[in-house]
Asker: 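Once you've had a glance at the structure underneath, I'll fire off some questions.
Convention: sequence-line order gives letters A, B, ...; per-chain numbering from 1.
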Amino acid sequence: MTRYLARRLAHALVVTLCVTAVVFVLLHMLPGGPVRASLPINATPAQVAELTRQYGYDRPLHVQYGTWMWNLLRGDLGFSPQLNMPVRDAITERLPKTMTLMVLGIGASLLIGVPMGIYQAARRYQRSDYLLTGATFLSYAAPVFFVGLLLIDLLAVSFRVFPAGAPQGDSVAEILSQPNALVLPVATFAFCGFAQWSRFIRSATMDNLVQDYVRTARSIGASERQVLWVHVTRNSLITIVTLLGLHLPTLFAGAVIVETVFNYPGMGLMFWQAAQNHDYPILLGVVLFGTILTIVGSILADIGYAVLDPRVRLTA
Amino acid sequence: MEPVLRIEDLRVEVRLRDSVVRAVDGVSIHLRANEMLGIVGESGCGKTMTALSVMRMLPPRGRIAGGSIRLAGKELTALTDAEMRHVRGNDVGMIFQDPFTSLNPTMSIGRQIARAARLHRGLSRAEAAERATDLLELVGLPHARQRFDDYPHQCSGGIRQRVMIAMALSREPKVLIADEPTTALDVSIQHQILDLIDDLRQRLGMAVLLVSHDLGVVAGRADRVAVMYAGKVAESGDTDALFAAPRHPYTEALFEALPERAAATRTPLYTIPGMPPGLARPLVGCRFAPRCRYAEERCTVEEPPLAVALDGRRHACFHPVGDPPQPLARPAAGAPQVPTVADDAAAAVPLLSVLGLVKDYPLASGAMLRRREGTVSAVADVTFDVHRGETFGLVGESGCGKTTIGRLIVGLEKPTRGSIELDGEELTTLKGAAYRRARRDIQLMFQDSSTSMDPRMRIAATLREPLAVQRVGNLRERRHRIEELLGKVGLPAAALHRYPHEFSGGQRQLLSFARALTLMPKLVVTDEPVSAMDMSVQAHILNLMRDLQHDLGLTYLFISHDLAVVRYLSDRIGVMYLGKIVEVGPAEEVYRNPAHPYTKGLVDSAPVADPVIERQKLRSGIKGELPSAIDPPSGCRFRTRCEFAQDVCAEVEPPARPFGPGGHVAACHFPLARPAGVTASPAT
Ligand SMILES: Nc1ncnc2c1ncn2[C@@H]1O[C@H](COP(=O)(O)OP(=O)(O)OP(=O)(O)O)[C@@H](O)[C@H]1O
Ligand code: SF4
Ligand code: SF4
Ligand SMILES: [Mg+2]
């Protein structure tokens, strides 16, 4: 276990270095730039040059990267002139809110997807299975922003059941105190996420249902329901845990879109605004977070797998 | 007395896309309380379908199309699904062939048994756990309480099959159905499991339906036997009578295809021509007629009924064998049929000489096995010679290192130490062109011919490949050679243009044999060439191997776990246990007068299709399980399972000592026979 973690951490370090370096280079190849964006339209070239020097953007790229890394090691992610606050503070303020949205969204999609997949596997190749399969394809085909806008148009504009905007506020408590406003963002998340879980569970369950151990369970007189819940579901959920870990980055990407559509004050919205404003320090900070999330997700997947499946042991 | 299970005119259909397979077609059998009925027959004859019908657990497209199944007065075919679930486990339990996949991998064995014990019973969790522990003890698992929380992957195949039995018996059903319960296990474990089933039958007074393709497995334990062919019962009767004098020509043919019956005389085996009929078409007349040597006009138009003959046995044949019945001639025990092996054979220069061969596999740090680092001692100081023109058989259970030896000799692996000489030339140090040339002289016939041939390559290309690699002859000569070889193994030249999947398993094995012969090797190493084959196919391949050996002057190193097959084909055999050869000698000598306790145990464990012999061997065999090759036992590696083991066995590795003529050698401190030289005459 310790060896496993040590190896994974070393691996993580290398990946982080590579990803941030690549993003660093790519950002600096973009036209415009942070300085231009943070100054008024009519700023003189001299003013731009002055600010560029002040921020250190005139130094060679590798020096800039080195500085960024060095600061990072001291826990300093840089300063965002546009937000006028340290990147670290910006992220720590918004991270819990994004996490809240993700947990609620993933929870809702699992709540729909998992029972649906099991139900479909139990009714495999019957009419209800085909119908639900159709529904999942709908969910697959619809882009997140489209679903979000559709829900706003339908339930907020036409019928005014829920507010069109997401809850606002600086803390998770404030966000949670506006459950009405949370409904549409979470529903969008769930609608676009349940399909993959139900497909995963359906196929994992069907794979398990034809295993010899299921035949054994039937031979001792277990009912189909017992077979399904006692033997098969646990084995199918193992697959889901792994997939959940591996899908964390994709889910984060989904959160970015949902936050943008609903103007939800999380990291996703901040990222999107930073991208428009050429706010490099913020962009880099969020990319760093995404990288770490990917690595943590895959470690969690491994650990979850090892905890749930007695055959698997973590090995270096 | 009314039997506990009575199957009457059972018909099972399996619906395929465009046809209906009549997998079971009018089978009637019965099983009395506390009785064991053996069902034997070759692959696809409907044994499993019959067994699954009793559980009403046919595959999705299968259904019981007719007939009746009465279990303890209940008509099973008329029960609702819910009622049937109650019957499963309560009235009838079943164990399956593959213990490696039949248990839930993520539930501990104790919990799985406890669940089985609780179903349909009002047991509390604690009571069920208590019962599961008792059951584990009942099926002979030592330290049951400690092993309760083990997961299936931590158990050996034998233990998993014990767990399966415990589950099946958890609610004390009156009938146990065992479908090939030991086919996936080693012979010593097979023997233990069969003994266990037999023992539990007596203690619990249940009836057992034992399904097997192996006549030997049912011989010593079943009270009665039913032989199935193509979805029907060909013959049934008391085990002794049936084995002594089969009445149906199919049964007779099966017996004549058995290598063990011909081992002493080494006569060619009888091979049943052709293949069993497909069951998707309607069949007229006797199903065995196209393959029957006694068939006549009437057999092809009229179906023989399964009739009770004057002697009380049932058989479905117009011309039963031996009418009036007469006992089958049995070679008298101890008859001096040991082939004379020239004593000067040892003096001649052997074709293959293996000296002090060692193969250790380093255990990659942690790969799957945690922490444990070290080496797997797969082959540990093995020495033997193979003489020109002989067949040397290597026999032993899985994991004993026989396959590794084969791979070392053909050069697929490099030995850790030791020498391999072919014709006096050291192979282990050869390099480059000389190495390639030497390799030509040793060819391997693979164990699993279905995976060892490129599925996208036509047979012609597959067979030509070795010739091309070794740059032998021109294209025409190569074509000529492979056509000739194909003829030799009895396949038509048209086979050259087909792909591997278009052949049956037996035919693929023949192709694999032909490929091994393309380079005219001096030595052919065959690794389990006939395991997993039906008896009649096996007989065909063994006959052919023997014929070609004679015609082409081949030398075989024949590797198999099946003692009967090894004994039939080999002049001399080496018995392996955990990386060591424990006994070598002339085949019949080693078989009849084993000096090493392991050899004796192997002989006792290997099932023989003779009820008289089998009954004598009940509850003999080898106890315990194979220890790990990572830390093999000190001294004699067999000592952990040997009933004669003394302190010295743990301290001193027993040296190889001579025991008789023909180079009979065994390595044991307390052998079962007197070593040669201690007294003048060898054991009689
Ligand atoms: N799932 C299936 N679909 C179609 N046909 C099947 C299926 N299972 C079995 N059969 C057919 O039913 C017949 C009887 O099969 P069964 O499994 O009972 O044979 P068996 O005697 O148990 O053979 P084996 O020794 O190989 O286990 C065979 O012709 C087989 O091809
Ligand atoms: S009925 Fe005829 S074909 Fe069938 S087994 Fe008897 S003799 Fe052979
Ligand atoms: S040496 Fe000892 S332990 Fe080994 S087989 Fe002989 S008696 Fe048994
Ligand atoms: Mg079968």
Asker: Measure distances from B:Met167 to the heavy atoms of chain A and classify the residue's part below 4.5 Å as side chain, backbone, both or neither.
Answerer: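 When you check distances to chain A, atoms from both the backbone and side chain of B:Met167 fall under 4.5 Å.
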
Asker: Using side-chain heavy atoms (C-beta onward) and a distance below 4.5 Å, is B:Arg88 in contact with A:Ile220?
Answerer: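 Contact flag for B:Arg88/A:Ile220 side chains = no.
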
Asker: With a 4.5 angstrom heavy-atom cut-off, which part of B:Met84 approaches chain A: side chain, backbone, both or neither?
Answerer: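 Contact with chain A: none, neither part.
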
Asker: Do any of residues 199-218 of chain A come closer than 4.5 Å to chain B, heavy atom to heavy atom, and if so which ones, in number order?
Answerer: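 Hits under 4.5 Å: A:Asp212, A:Tyr213, A:Arg215, A:Thr216, A:Arg218.
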
Asker: Should we count CZ of B:Arg111 as having more than 12 external heavy atoms under 6.0 Å?
Answerer: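 Not more than 12 within 6.0 Å, no.
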
Asker: Shorter than 4.5 Å, heavy atoms on both sides: which option in B:Gly93, B:Ser102, B:Gly89 has the most such pairs with chain A?
Answerer: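 Looking at each option in turn, the highest pair count goes to B:Ser102.
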
Asker: Which atom names give the shortest non-hydrogen contact between A:Ser219 and B:Met94, and what distance separates them?
Answerer: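 Nearest heavy atoms, A:Ser219 then B:Met94: OG-O, 4.0 Å.
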
Asker: Go through the side-chain N and O atoms of A:Asp309 and B:Thr106 and say whether any donor and acceptor fall under 3.5 Å apart.
Answerer: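 Distance-only check fails for A:Asp309 and B:Thr106.
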
Asker: Return a table of donor-acceptor pairs under 3.5 angstrom between the side chains of residues 130-141 of chain B and protein atoms on other chains or two or more places apart.
Answerer:
{"from": "B:Arg131", "atom 1": "NE", "to": "B:Ser170", "atom 2": "O", "distance (Å)": "3.2"}
{"from": "B:Arg131", "atom 1": "NH2", "to": "B:Ser170", "atom 2": "O", "distance (Å)": "2.9"}
{"from": "B:Thr133", "atom 1": "OG1", "to": "B:Ala129", "atom 2": "O", "distance (Å)": "2.8"}

Asker: Do other residues, nucleotides or ligands put more than 12 heavy atoms under 6.0 Å from A:Arg74 CZ?
Answerer: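 Enclosed.
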
Asker: So which heavy atom on B:Leu119 is nearest to which on A:Ala222, and how close?
Answerer: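 Looking at all heavy atoms of both residues, the shortest contact is CD1-N, 3.7 Å.
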
Asker: Who among B:Arg56, B:Met107, B:His86 has the most heavy-atom pairs with chain A under 4.5 Å?
Answerer: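 Among B:Arg56, B:Met107, B:His86, the one with the most close pairs to chain A is B:Met107.
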
Asker: Side chain, backbone, both or neither: which part of B:His120 has a heavy atom under 4.5 Å from chain A?
Answerer: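 The answer is the side chain of B:His120.
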
Asker: Within a 6.0 Å radius of atom OH on A:Tyr305, are there more than 12 heavy atoms belonging to other residues, nucleotides or ligands?
Answerer: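 Incorrect, the count does not exceed 12.
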
Asker: Determine the option with the most heavy-atom pairs under 4.5 angstrom with chain A, choosing from B:Met57, B:Arg171, B:Gln112.
Answerer: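 Of the candidates given, the most pairs with chain A belong to B:Met57.
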
Asker: Given the options B:Met55, B:Met164, B:Arg115, which has more heavy-atom pairs under 4.5 Å with chain A than any of the others?
Answerer: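 The candidate making the most pairs under 4.5 Å is B:Arg115.
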
Asker: For B:Pro105 versus A:Pro310, what's the shortest heavy-atom pair and its separation?
Answerer: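 Answer, listing the atom of B:Pro105 first, then A:Pro310: O-CG, 3.4 Å.
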
